[in-house]
Amino acid sequence: MKLKLILSAMLWVLVSLNIEAQIAEPLRDVNKVVDNTYDSLTIAMTARPVPGSSRKEKKPVLFLVGNSTMRNGTLGNGNNGQWGWGYYFQKYFDENKISVENQALGGMSSRTFYTKLWAPVRDAIRPGDWVIISIGHNDNGPYDRGRARASIPGVGKDSLNVTIKETGEKETVYTYGEYMRRYIRETRARGGQAVLMSLTPRDAYDDKTGKIVIKEHSRWLMQVAAEEGVPFIDLNELSGAKLDGYSKWKEKYHFYGDHIHTSAFGAKMNARCAAEGIACSPNPMLIPLQQMMLPLALPIYQVKREAGKPMVWITGDSTVKNEDKNKEGMWGWGAFANMIFDKRKIQWYNAAQAGRSTRTYLNEGRWERVYNSLQPGDFVLIQFGHNDIGSINKEKARGVIASSADTCHVYRNENDGKYELVYSFGWYLKKFIDDVREKGAIPILISLTPRNEWVNHKIERRNDTYGKWYRDIVKETGVDFVDLHNITADWLDKHCGSKEKSSEYFKHDHTHSSMKGAYLNAKNIAKGLRAESCSLAKYLK
């Protein structure tokens, strides 16, 4: 009898070892990132919204299930320079019809979210609710120690009983596909509709294709979605295609700190791609959700184009566009575009705005409208500087880092408590240049107008700051450059010689132009275009 028991035990061990031998090795951690959010789970759970708390009356809720690429950091407020796309996703939905609730948490895998966070989310689901599941970046590492968050690769029915070495806790581990099936079935049981969405792309390229890597999770999710009859959105493909269309420099700044977590640029792009994926899906199951979305049309300038004529887009601050109406008031040189450009050959639009720096022109969406309006062969005149050096995180909070270097830093705005990754003056110029070229248009830098400040009978020059930064970017990018700052300064030195005599070219203060001064600057831009043999010169009068 004793021998029988021993043999039986040995047989059980051998069978168990054989079963475990058939279980696939967990995925390798390609992210190489230590995400500490999960380590402060108690704090994170109180920082996240209580599941279902966003519900308005009896309207549906769209729950987001994911990891740090969807909700970054414990608070998800960008204080580390990284953002998850779930933060921006609600802007694509009509809040009067549905609320978007980001239940994601950094560091979670499909397994750990299911075992530690899913139950209260599931219990908050009501008939008519939606659950988007986009998780998997962390489904790697050991099964039974450390973070113990790996799922078994694939979509099979395999399972593995483990004992967590550090805690002694026993757990049954399932395949990635099985966790997806459980999310789907439990959502359905509550009357909700699940949507599977592939992962956000990483900053990693396939050596053979040169394209952004598509992780195997996309294939697994597609298979489970087909088997379970739920919609599938390939976010990895949608966002990856956009990243592939960018310059390598632009692609890089969509990430911050590592190769997986996104900057605000990357998070906004992923959010839009997720929304576009839903809105454009032909799957009839998504029609009710599509009907609760806001229009996805990109903001543009409504300008009637004339066939065969390129457009000159003029960007800048108050020295480019001001009141432009009272002869005795302040004027920007853009108001005199008609005095230098030949309307028989070209059109123009003055998109400048008073009081803006490179940073605020971008943040307010003004640059986006120019970018979306561009067509191949257009020109973009870019002139900033007067408002760029000032307070970065208080007062008007429009300042940038005073440098041409490719650098950035996280700042907390004292006015509203929000965090922002602020870049250098040179970086913003490079972004504008790169964006224009991406659209097949031609960027031209224009240095800032001189101020009516004089030293030793010479007007002030800023060649050791803005002048240097402009020239650094010109050297780095090869962009066309009109040095209006020195062209106008040379003219004022020669024809005025003092602050008093040059005052007729300024209005209100030492920065803003009078009508006469704005016209002078416009003429000097034409002069500079000709002197530099810019391709825009052939469209001048």
Side-chain angles (χ1 to χ4, degrees), residues 241-251 253 265 269 272 297-317 320-321 332-353 356 358 361-362 365-384 427-447 470 473-484 487 521-541:
K242 287 192 178 181
L243 291 172
D244 286 337
Y246 297 153
S247 69
K248 285 293 190 289
W249 180 78
K250 182 171 182 176
E251 183 271 336
Y253 70 67
F265 291 107
M269 181 205 68
R272 182 169 185 89
L298 292 168
I300 61 172
Y301 284 104
Q302 299 294 337
V303 179
K304 186 177 180 180
R305 286 180 175 261
E306 298 177 32
K309 292 183 181 180
M311 181 75 70
V312 179
W313 299 92
I314 304 171
T315 66
D317 53 34
V320 183
K321 185 177 183 179
W333 61 258
F336 295 98
N338 64 317
M339 304 297 291
I340 61 174
F341 293 119
D342 189 341
K343 66 179 182 181
R344 296 171 300 176
K345 300 177 182 179
I346 199 166
Q347 296 176 261
W348 54 87
Y349 186 87
N350 190 354
Q353 184 68 32
R356 272 54 186 182
T358 50
Y361 193 84
L362 175 65
R366 299 178 190 281
W367 178 255
E368 182 186 9
R369 291 180 70 187
V370 173
Y371 172 77
N372 293 333
S373 302
L374 290 177
Q375 293 184 12
D378 284 353
F379 297 87
V380 184
L381 303 183
I382 305 165
Q383 183 195 57
F384 290 92
W427 185 93
Y428 287 104
L429 292 182
K430 279 178 64 177
K431 173 175 174 52
F432 295 163
I433 292 165
D434 187 70
D435 281 351
V436 173
R437 287 174 169 168
E438 178 191 318
K439 290 300 201 72
I442 302 165
I444 301 173
L445 283 190
I446 311 288
S447 59
Y470 269 111
I473 299 305
V474 170
K475 183 177 180 180
E476 184 176 347
T477 64
V479 68
D480 286 338
F481 177 53
V482 174
D483 192 3
L484 178 64
I487 295 173
N521 286 326
K523 288 196 303 180
N524 284 336
I525 286 173
K527 179 180 178 181
L529 288 170
R530 288 192 178 95
E532 296 298 322
S533 300
C534 291
S535 54
L536 182 57
K538 66 182 180 181
Y539 297 101
L540 296 170
K541 285 185 175 180

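Numbering starts at 1 and runs along the sequence shown.
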Novice: Please round to the nearest 0.5 Å and tell me the distance separating atom CD of Q302 and atom CZ of R369.
Specialist: 8.0 Å
Novice: In Å and rounded to the nearest 0.5 Å, what is the NZ to NZ distance from K242 to K250?
Specialist: 10.0 Å
Novice: To the nearest 0.5 Å, what is the distance between CZ on R530 and CD1 on I340?
Specialist: 9.0 Å
Novice: Closest heavy-atom contact between P310 and G377?
Specialist: CB-O, 3.4 Å
Novice: With distance as the sole test, does K439 use its side chain to make a donor-acceptor pair with the main-chain N or O of Y371 at under 3.5 Å?
Specialist: yes
Novice: Going through the distances and angles, do W367 and D435 end up as a side chain to side chain donor-acceptor pair (under 3.5 Å)?
Specialist: CA-CA 10 Å; W367 178 255; D435 281 351; 2.9 Å; yes
Novice: Run the numbers on V312 and D378 for side-chain contact (heavy atoms from CB on, under 4.5 Å), then give the verdict.
Specialist: CA-CA 6 Å; V312 179; D378 284 353; over 6 Å; no
Novice: Just how far is it from atom CG of L429 to atom CZ of F432, taken to the nearest 0.5 Å?
Specialist: 7.5 Å
Novice: Apply side-chain contact (heavy atoms from CB on, under 4.5 Å) to L381 and T315, showing your working.
Specialist: CA-CA 6 Å; L381 303 183; T315 66; 5.9 Å; no
Novice: How far apart are the C-alpha atoms of F481 and L445, what are their side-chain angles, what is the distance that settles it, and do they pass the side-chain contact (heavy atoms from CB on, under 4.5 Å) test?
Specialist: CA-CA 5 Å; F481 177 53; L445 283 190; 3.8 Å; yes
Novice: If you take the centroid of each ring, where Trp contributes its six-membered ring, are W348 and F336 closer together than 6.0 Å?
Specialist: no
Novice: Can you tell me if K538 has over 12 outside heavy atoms packed within less than 6.0 Å of its NZ?
Specialist: no
Novice: Does R356 make a cation-pi contact with Y361, if we ask for NZ or CZ under 6.0 Å from the ring centre and within 45° of the axis?
Specialist: no
Novice: Does any part of the side chain of K431, heavy atoms only, come nearer than 4.5 Å to the side chain of L362, both counted from C-beta?
Specialist: yes
Novice: Taking the six-membered ring for Trp, are F379 and W313 closer than 6.0 Å centroid to centroid?
Specialist: no
Novice: State, yes or no, whether a side-chain contact exists between V482 and S447 at a heavy-atom distance under 4.5 Å.
Specialist: no
Novice: Can you tell me how far CD1 of I444 sits from CG of L529, rounded to the nearest 0.5 angstrom?
Specialist: 5.5 Å
Novice: Take Y246 and E438 through the side-chain contact (heavy atoms from CB on, under 4.5 Å) test and state the conclusion after the steps.
Specialist: CA-CA 7 Å; Y246 297 153; E438 178 191 318; 3.7 Å; yes
Novice: Is there a side-chain contact between E476 and K430 (heavy atoms, below 4.5 Å)?
Specialist: yes
Novice: Below 4.5 Å, heavy atoms only, C-beta onward: do I446 and I525 meet side chain to side chain?
Specialist: yes
Novice: Return the CZ to CD1 distance between R437 and I442, rounded to the nearest 0.5 Å.
Specialist: 10.0 Å
Novice: Mind checking whether Y253 and W249 have ring centres under 6.0 Å apart?
Specialist: yes
Novice: Going by heavy atoms in the side chains, are P443 and D480 under 4.5 Å from each other?
Specialist: no
Novice: What's the shortest heavy-atom distance between D317 and A352, and which atoms?
Specialist: O-CB, 3.9 Å
Novice: Can you find a heavy atom in the side chain of K321 that is under 4.5 Å from one in the side chain of W333?
Specialist: no
Novice: E251 vs K248, test: salt bridge (charged side-chain N to carboxylate O under 4.0 Å, His left out). Steps then yes/no.
Specialist: CA-CA 5 Å; E251 183 271 336; K248 285 293 190 289; over 6 Å; no
Novice: Is the side chain of Q347 donor-acceptor paired with the backbone N or O of K304 at a distance under 3.5 Å, no angle test?
Specialist: yes
Novice: Quick check against the 3.5 Å criterion: does K541 have a side-chain atom that pairs as donor or acceptor with the backbone of N338?
Specialist: yes
Novice: Is it the case that over 12 heavy atoms from other parts of the model lie below 6.0 angstrom from the NZ atom of K527?
Specialist: no
Novice: Under 4.5 Å between any side-chain heavy atoms of E368 and N372, yes or no?
Specialist: yes
Novice: Is the side chain of T358 donor-acceptor paired with the backbone N or O of Y428 at a distance under 3.5 Å, no angle test?
Specialist: no
Novice: Looking at N350 and A335, what are the two nearest heavy atoms and their distance?
Specialist: ND2-N, 4.1 Å
Novice: Donor-acceptor pair, distance only, cut-off 3.5 Å: does the side chain of Y349 make one with the backbone of I314?
Specialist: no
Novice: Do the non-hydrogen side-chain atoms of K309 and I346 ever get within less than 4.5 Å of each other?
Specialist: no
